[in-house]
2 protein chains.
Amino acid sequence: MQTELSTTILPYRMIHDLYVLLDDGDQRVFRAFDLSTSQYAVLVLLDNEQGKRLTDLSAQLLFDKSTITRIVDRLEQSELVRRIADPDDRRAQRVVLTPTGAIRRARAQAAHLESVEQRLAVLDELEHDQLVALLAKLRVGLRVHLADGG
Amino acid sequence: MQTELSTTILPYRMIHDLYVLLDDGDQRVFRAFDLSTSQYAVLVLLDNEQGKRLTDLSAQLLFDKSTITRIVDRLEQSELVRRIADPDDRRAQRVVLTPTGAIRRARAQAAHLESVEQRLAVLDELEHDQLVALLAKLRVGLRVHLADGG
DNA sequence: ATACAACTATTGCGAACACAATAATTGCGC
DNA sequence: GCGCAATTATTGTGTTCGCAATAGTTGTAT
């Protein structure tokens with residue numbers, strides 16, 4: 001992924017690099033809260049009332065359903081979430097935050113937000129907006145390309 | 001990673017999304033050549049003369065050395081690379097492309113390049129240059145942040 | 001009411017990764 | 001020279017993920 005010659009491919013490589021760098025930083029933040037990146041991603045999607053079905057989590061995070069099952073297993077062992085029966089569908093389980101889980105999530109989320117803000121602080125407001133606009137355009141293009149079956 | 005509130009974090013989320021989308025496209029391309037993404041990444045770094053030590057590959061790709069050992073194992077089983085003894089350091093192995101490997105790499109690389117160019121074609125030249133500049137600035141900032149030990 | 005397709009969640013299995021421990025080699029200090 | 005820390009590569013182990021197969025439930029059509 002490093003020595004390809006064309007310059008057309010440059011933003012591709014940089015997005016790849018940036019993802020690796022950002023992901024590395026994220027892992028450090030989450031580890032301080034005894035959470036993996038995927039565990040954190042699940043926690044962020046939950047609430048402590050209605051909860052979410054595992055299938056919903058799978059669809060939103062683009063993880064296989066079996067992967068969600070196991071992430072929820074681990075979170076349940078850590079007593080950060082609970083499975084409760086869905087009142088309307090006996091096939092379904094609803095995953096809800098425990099009080100402990102809600103606290104852990106709030107703290108991890110605050111720390112993560114602060115960390116990301118620090119890491120992105122090299123850009124001023126104009127650059128920030130420009131970057132968002134360009135990335136948005138690219139994302140739309142990629143999704144269309146994906147839907148076309150490319 | 002979805003429902004965080006601040007807008008400061010927006011480019012972070014978009015880079016994350018874009019990486020997922022790009023990676024998905026990459027995997028399809030490489031699979032047509034019986035290569036995983038990491039196998040391809042190793043092949044791209046190699047040449048058929050001097051080769052590279054496994055430690056070098058590890059440092060450049062940010063994979064653990066043991067991971068590189070096993071990726072090279074698989075590539076060697078597929079007869080795309082060979083390990084040769086380093087003439088200057090008996091601890092070291094140099095990984096070189098076989099003729100088969102060189103051909104496979106060239107074809108996969110060409111296909112990948114074309115695929116990426118298509119996917120990035122939604123941006124015109126100006127946008128392309130702006131994006132590269134912004135990403136470069138961000139990357140520098142992240143690396144500094146990393147070096148600081150944050 | 002019954003059969004059947006679709007859906008929810010789980011389990012078994014294998015692939016790919018990181019971390020820790022290990023063996024061999026190198027280079028440095030003394 | 002000799003010992004010892006650092007380096008290179010490998011192996012063992014555990015984690016995390018996707019895919020395929022499975023059990024139970026639901027909705028629908030006949």
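The analysis underlying the following values was restricted to heavy atoms, covering all of them including side chains, and did not include hydrogens, waters or symmetry mates. Chain letters run A, B, ... following the sequence lines, proteins first and then strands; every chain starts at 1.
- Note on A:Arg83: only backbone sugar-phosphate atoms sit closer than 4.0 angstrom, heavy atoms only; bases stay farther off.
- Within the 4.0 angstrom heavy-atom criterion, only backbone atoms of the sugar-phosphate kind lie near B:Thr55; the bases stay farther away.
- Heavy atoms of B:Leu62 sit under 4.0 angstrom from primed sugar atoms or phosphate atoms, though from no base atom.
- For C:dC19, the base has a donor-acceptor partner in the side chain of B:Ser66 [N/O atoms by modelled type, under 3.5 angstrom].
- Comparing C:dA9, C:dC17, C:dT26 by their nearest atom to the side chain of B:Arg74 picks out C:dC17.
- Counting non-hydrogen atoms of neighbouring residues, nucleotides and ligands closer than 6.0 angstrom, the CD atom of A:Glu79 reaches no more than 12 such neighbours.
- A straight line from CZ of B:Phe63 to C1' of C:dA15 spans 13 Å, rounded to a whole angstrom.
- Between B:Leu57 and B:Leu46, some side-chain heavy-atom pair lies under the 4.5 Å cut-off.
- Rounded to whole Å, atom C1' of C:dA9 lies 12 Å from atom CG of A:Asp86.
- Taking CG of A:Leu45 as the start and CG of A:Leu61 as the end, the distance is 5.0 Å to the nearest 0.5 Å.
- In this structure, B:Ile71 atom CD1 and C:dA18 atom C1' are separated by 12 Å, rounded to whole Å.
- Between the P atom of C:dA23 and the NZ atom of B:Lys65 lies a distance of 16 Å, rounded to the nearest Å.
- The residues A:Asp24 and A:Arg28 are annotated as salt-bridged, a charged nitrogen and a carboxylate oxygen being separated by less than 4.0 angstrom.
- Within the 4.0 angstrom heavy-atom criterion, no nucleotide atom of any strand lies near A:Ile68.
- Using cut-offs of 30° and 60° for the angle between ring planes, the A:Tyr12 and B:His112 rings count as perpendicular.
- The interatomic distance linking A:Asp56 (CG) with C:dT8 (C1') rounds to 10 Å, in whole Å.
- Heavy-atom contacts of chain A under 4.0 Å fall on DNA chain D between two terminal nucleotides, which in 5' to 3' order are D:dT16 to D:dT26.
- In this structure, CZ of A:Arg53 is placed 13 Å from P of C:dT10, rounded to the nearest angstrom.
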Give every donor-acceptor pair under 3.5 Å between a side-chain atom in residues 69-76 of chain A and any protein atom, sequence neighbours left out.
residue, atom, partner, partner atom, Å
A:Thr69, OG1, A:Lys65, O, 3.2
A:Asp73, OD1, A:Arg83, NH1, 3.1
A:Asp73, OD1, A:Arg83, NH2, 2.9
A:Arg74, NE, A:Arg70, O, 3.4
A:Glu76, OE1, A:Arg83, NH1, 2.5
A:Glu76, OE2, A:Arg83, N, 3.1

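- One can place NZ of A:Lys52 at 13 Å from P of C:dA9, the figure rounded to the nearest angstrom.
- Heavy atoms of B:Ser38 sit under 4.0 angstrom from primed sugar atoms or phosphate atoms, though from no base atom.
- To the nearest angstrom, C1' of C:dC13 lies 13 Å from CG of A:Asp64.
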Tell me, with the steps shown, if A:Arg119 and A:Ser115 meet side chain to side chain donor-acceptor pair (under 3.5 Å). CA-CA 6 Å; A:Arg119 284 183 273 164; A:Ser115 166; 3.1 Å; yes
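- Nearer to the 5' terminus of DNA chain D, by closest-nucleotide assignment, is the contact made by B:Leu54 (compared with the other of B:Leu54 and A:Arg90).
- For A:Arg70, no side-chain nitrogen or oxygen approaches OP1 or OP2 of C:dC13 to under 4.0 Å.
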